[in-house]
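Heads up, the thing below is written out as structure tokens.
Atoms within a ligand are numbered from 1 in the order they appear, just like the ligands themselves. Atoms considered below: every heavy atom in the structure, side chains included; atoms not considered: hydrogens, waters and symmetry mates.
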Amino acid sequence: MLLEAHAVSKSFGDFFAVRDANLSVGEGEIVGLIGPNGAGKSTFFNCLAGDAVPTSGKIIFDGQDMTKAPPEAHARLGIGRTFQVPATFEGMSVIDNVMVGAFLRHPHQGDARDHASRIIELTGLKAQMDLAAHSLGTPGRKRLEIARVLATNPRLMLLDESLAGLTPTELQEAIRLVRKIHEMGITIVIVEHIMEVIMTLAGRVLAFNQGHVIASGRPEDVVKDEAVIEAYLGRGSHRVRRRSA
Ligand code: ADP
Ligand code: MG
């Protein structure tokens with residue numbers, strides 16, 4: 001297994017955002033994470049990427065215990081993650097943002113620039129490469145976030161709603177990009193609300209609710225799982241009720 005998370009929990013005070021989550025990801029897989037807002041998906045990613053230290057549990061990547069390692073160690077070992085809210089340097093150009101990622105393995109500026117240019121090309125950002133990051137729209141920002149992480153040469157990419165907020169056409173392009181990244185040999189764990197994305201990309205899915213993994217298996221089975229449907233409907237009806245109140 002490339003990544004193994006054993007009984008990972010993360011609490012804030014006495015509230016458990018993630019509780020006893022298990023996940024094993026083999027090299028070359030695309031695993032989907034679904035679940036309603038607040039289910040703990042991003043917090044789980046934080047634990048996997050070293051942006052948060054789990055309260056308990058263990059995370060092993062490529063045989064190394066990463067449970068308490070800092071984010072830099074994760075990046076160096078090959079775990080890259082995108083943030084749900086893109087972590088771009090707003091005033092910097094697109095190419096400079098990607099170079100920040102490229103510097104991880106290319107300490108010399110010229111090499112980093114060459115590497116970043118290749119990633120820019122691959123991610124379809126060439127026309128915008130000299131623009132400031134803040135001038136990009138949602139699809140551009142999502143792409144830039146992916147490009148910055150891709151430039152670190154990850155073996156595993158954790159994509160946190162990287163395809164959210166796109167038009168149907170942009171969504172298809174983004175799906176193609178994820179496929180291309182996968183074909184490069186990069187293993188992927190993707191958090192996504194749009195079922196179409198999960199069904200077309202993921203070979204296996206985990207569903208979260210209230211910090212727990214409530215179902216896992218083939219996407220076509222998980223979407224039919226009663227606990228999963230309940231988790232989504234429960235939230236949905238609650239929201240409708242609140243709105244009409
Ligand atoms: P998801 O990504 O599935 O929408 P999150 O992981 O962002 O869910 O959040 C899970 C729960 O943990 C939410 O109730 C959220 O408010 C809470 N939470 C996340 N981060 C913190 C934090 N730093 N402090 C306190 N509560 C947090
Ligand atoms: Mg989230």
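Among Val18, Thr43, Asn37, Asn209, the residue whose heavy atom lies closest to atom 19 (C) of ligand 1 is Thr43.
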Q. Passes side chain to side chain donor-acceptor pair (under 3.5 Å), Asp160 versus Thr82? Steps please.
A. CA-CA 6 Å; Asp160 196 351; Thr82 66; over 6 Å; no
**Q.** Derivation of the side chain to side chain donor-acceptor pair (under 3.5 Å) call for Asp114 and His106
**A.** CA-CA 9 Å; Asp114 290 346; His106 302 277; over 6 Å; no
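Residues Glu145 and Gln84 have side chains that never bring a donor and an acceptor to within less than 3.5 angstrom of each other. With no hydrogens or angles considered, no side-chain donor-acceptor pair links Thr88 and Asn97 at under 3.5 Å. No side-chain donor-acceptor contact under 3.5 Å links His74 and Asp51.
The nearest protein atom to atom 15 (C) of ligand 1, hydrogens excluded, is given as Phe15 CE2, 4.7 Å; this is a heavy-atom distance. Closest protein heavy atom to atom 4 (O) of ligand 1: Gly38 N, 2.7 Å. In this structure, atom 7 (O) of ligand 1 lies nearest to the protein heavy atom Ser42 CB, 3.8 Å.
Within the 4.0 Å heavy-atom shell around ligand 1 one finds Gly40.
Around the Mg ion (ligand 2), the protein N, O or S atoms closer than 2.8 Å are Ser42 OG, Gln84 OE1, listed by chain and residue number.
Within the 4.0 angstrom cut-off, atom 11 (C) of ligand 1 has one or more protein heavy-atom neighbours.
With hydrophobic clusters built from ILVMFWY side chains whose heavy atoms lie under 4.5 angstrom apart, Leu33 does not share a cluster with Phe16.
Residues Ser9 and Val18 form no side-chain contact, since every pair of their non-hydrogen atoms from C-beta on lies 4.5 Å or further apart. The side-chain heavy atoms of Leu48 and Leu158, taken from C-beta on, include a pair separated by under 4.5 Å. Two residues are said to be in side-chain contact when any heavy atoms from C-beta on lie closer than 4.5 Å; Glu4 and Leu23 fail this criterion.
Checked against a 3.5 angstrom limit, the closest N/O atoms of Phe12 and ligand 1 fall outside it. Among the atoms of Ala39, some N or O lies under 3.5 angstrom from an N or O of ligand 1.
Between Arg204 and Asp221 there is no salt bridge, since no side-chain nitrogen of the basic residue lies less than 4.0 Å from a carboxylate oxygen of the acidic one.
Those atoms of ligand 1 that come under 4.0 Å of a heavy atom in Ala17, given as number and element, are 11 (C), 12 (O).
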